[in-house]
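The structure appears below as C-alpha cells.
We use all heavy atoms of the structure for the numbers below, so side chains are in, but hydrogens, waters and symmetry mates are not. When a ligand or atom number is given, it counts from 1 through the structure's own listing order. The model shown is predicted, which means the values in this text are computed figures rather than measured ones.
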Amino acid sequence: MKRCAIVILGATGDLARRKLLPGLKKLYNNKQLPSDCTLIASGRNFMTTDDFKRHAKLSSDYPIDITYHAGINGLHELLKCKGSFSRIIFFCALPPSAYVTTARQIKAEGFGKEAILIIEKPFGINAASARELNDALVKEFPEEQIFRIDHYLAKEAVRNLLTLRFANPLFSDIWNSSEIDSIQISSLETLGVESRAAYFDNSGIIRDMVQNHLFQMLSLTAMEPPENLNAETIRASKINLLRSLKVERCICGQYSGYKNEPGIRSGSTTETYAELELSINNPRFKGCPVYIRAAKGCSKSGTDIGITFRPINKGPFASKKDLPANFIIVKIQPQAGIILGLATRVPGSDEIIESTAMNLCYHDAFKHEWPDAYEKLLLDAVSGDRTLFVGAEETETAWTILDDVLDKGYSFEYPFGTTPESKLGAKWIEFSEYCTL
Ligand code: BG6
C-alpha cells in the first residue's frame, strides 16, 4: 500500500469518537493499514495533541501516530514535516454545508492529486441542490478524488448481492419478471429521531433512508449484470437501473408523539414512515412491482430484501392450488443471512405441501471476524478503491426519481413502537414469519 496520511476534519465530533478513531485503531492493529500511516485530527479549537487524546478518550496505547491540528491552514506544512505521502485522505466529518468551502480550503492549502475527499450524506436535498453541490466540488477536485459514503454499501450482506445473483447459476437465469413476482426492501428502526431531531425534521425518512440506502440496495438487487467487477462498470449498471425506476405510489406516516419531541417544529408534517411502490421500466423487470419502506419508531429493527417468485405454471404441480411460492430473503441486519423459501411435502402426508425455509446465517457459516461498514470504507479509501462509494451521477439520478414525492407531508399516524401494515399491498409482513436468524 502507498504511504498515506489520514486527516479527520471535524475530529472533535461524535462520528470521529464513535466510529473513525476506533475503526482506524482496529484496522491498524490488524495490520490492514500501512504501519507508517499518519493520522491528523483537525478541529476548530486550539488544543494540544494530548488534550485531544483526552477529549476523544483515546487510550494511552492508541497505536497510530496522531497529531492534533486546528483548522486546515498549515496542514500542508505539517504533513510535509512528517514525510511524503502519495495519498492523503480527508475525511470530512463535517456538516454538509461545509463541504464546498472545505474542498476549496484543502485545494488552496496546496493539496492536489494525492488528496481524497470523503463526504457523507446528505448530498443535497433534491436533484437541483445535489447537482449544485457536485458541480461546486468538481471545480476543486475531480470526481475520481471524491468518495461519497453510503455505509449500507459496505454491509456484508449488501456486498454479497452481486455474488448471490451472478456467481450462482441457480439464480442468475431466473432473475426477471417472468419468474419474480415482486421485490420488497424494508428497513425499520425501533428508535425515533433521538438527538438528531433538527436534522431529521428538515429531512424526513425519504431523504434520510430511501434516496440513498434503499435505492442502493435496490440497484444492486435489480441491475443488469456488469461485465466485470470494476467500480466504474458496477456504477454504470446501477445508474442504468436507477434511470429505469419510476415511483408509482407513495404513502407516508408519522409516529405519534413525534411533534412533541425536543427539536421538532410544532405542527411538523415530516414523515417518519414511507412506503413506495416503484416500477422498473426495462425488459428484465417490466411488470414486477418493487415495494420499499423505511421507518423509525417501529416495533422491531431490521433490514431485509425479499424476492417472491411466481407460482409454478407448468409440470405436474401446475394445477395444484395454493402451492407455496419460492422466495429469497436477504437479511441485511441485525444478522446477515439468506433465507430460501421452498415448497416441501409435509412428511407423513400425501397431499400437503408447505412453505419451508433454508437459513444461511453468516455468523454460523463464517467464523472469522470481518470489518464493520465504516472500517471497510476507510480501508477502501486508503487503497483508492471506489467500488463502495457513490458517484455524482448516481446520487443525482436517485434524487430525480424522488423529486415529486418529497415534502408532501404524511397521511396517517401510527403509535410509536408499532409497525404499520402495508398500505400498498406489499408482502413483507409474511416474510417475518421466516426470519428466525
Ligand atoms: C443513517 C440515517 O444514514 O442510517 C439514520 O441517517 C439511520 O437515520 C442510519 O438510523 C441507519 O444505519 P444502520 O447502519 O444503523 O442501519
Checklist entry - Considering residues at least two apart in sequence or located in another chain, which fulfil the side-chain hydrogen bond (donor to acceptor under 3.5 Å, both in side chains) criterion with E144? => result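 Testing E144 for side-chain hydrogen bond (donor to acceptor under 3.5 Å, both in side chains), a comparison that skips the adjacent residues, returns none.
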Atoms in ligand 1 with a heavy atom of [X] nearer than 4.0 Å:
X    : value
K155 : 13 (P), 14 (O), 16 (O)
Y152 : 11 (C), 12 (O), 13 (P), 14 (O), 16 (O)
K121 : 1 (C), 2 (C), 3 (O), 6 (O)
Q333 : 13 (P), 16 (O)
K296 : 5 (C), 7 (C), 8 (O), 10 (O)
H213 : 1 (C), 3 (O), 4 (O)

Next on the checklist: If the contact criterion is a heavy-atom separation under 4.0 Å, does F200 count as touching ligand 1?
Outcome noted: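 It does not; every heavy atom stays at 4.0 Å or beyond.
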Could you check [atom] against the protein and tell me its nearest heavy-atom contact, residue, atom and distance included?
atom                    : answer
atom 10 (O) of ligand 1 : E189 OE1, 2.6 Å
atom 12 (O) of ligand 1 : H151 NE2, 3.1 Å
atom 8 (O) of ligand 1  : D208 OD2, 2.5 Å

Checklist entry - Do other residues, nucleotides or ligands put more than 12 heavy atoms under 6.0 Å from E132 CD? => result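 Counting neighbours around CD of E132, 12 or fewer heavy atoms of other residues, nucleotides or ligands fall under 6.0 Å, so no.
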Next on the checklist: Within a 6.0 Å radius of atom CZ on R18, are there more than 12 heavy atoms belonging to other residues, nucleotides or ligands?
Outcome noted: yes
Next on the checklist: Quiz question for you: does at least one protein heavy atom lie closer than 4.0 Å to atom 6 (O) of ligand 1?
Outcome noted: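 Neighbour list for atom 6 (O) of ligand 1 includes protein heavy atoms (cut-off 4.0 Å).
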Checklist entry - Which distance, rounded to the nearest 0.5 Å, do you find between the NZ of K300 and the OG1 of T190? => result 11.5 Å
Item to check | Contacts of F52 that satisfy ring pair (Phe, Tyr, Trp, His ring centres under 6.0 Å) - sequence neighbours left out | outcome: Y68
Next on the checklist: For the residue pair K259 / Q254, report whether a side-chain donor-acceptor contact shorter than 3.5 Å exists.
Outcome noted: yes
Checklist entry - Does K331 use its side chain to pair, donor to acceptor, with the backbone of I339 at less than 3.5 Å? => result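 No, because the side chain of K331 does not come within donor-acceptor range (under 3.5 Å) of the backbone of I339.
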Checklist entry - How are the rings of H213 and Y152 set relative to one another: parallel (under 30°), tilted (30 to 60°) or perpendicular (over 60°)? => result parallel
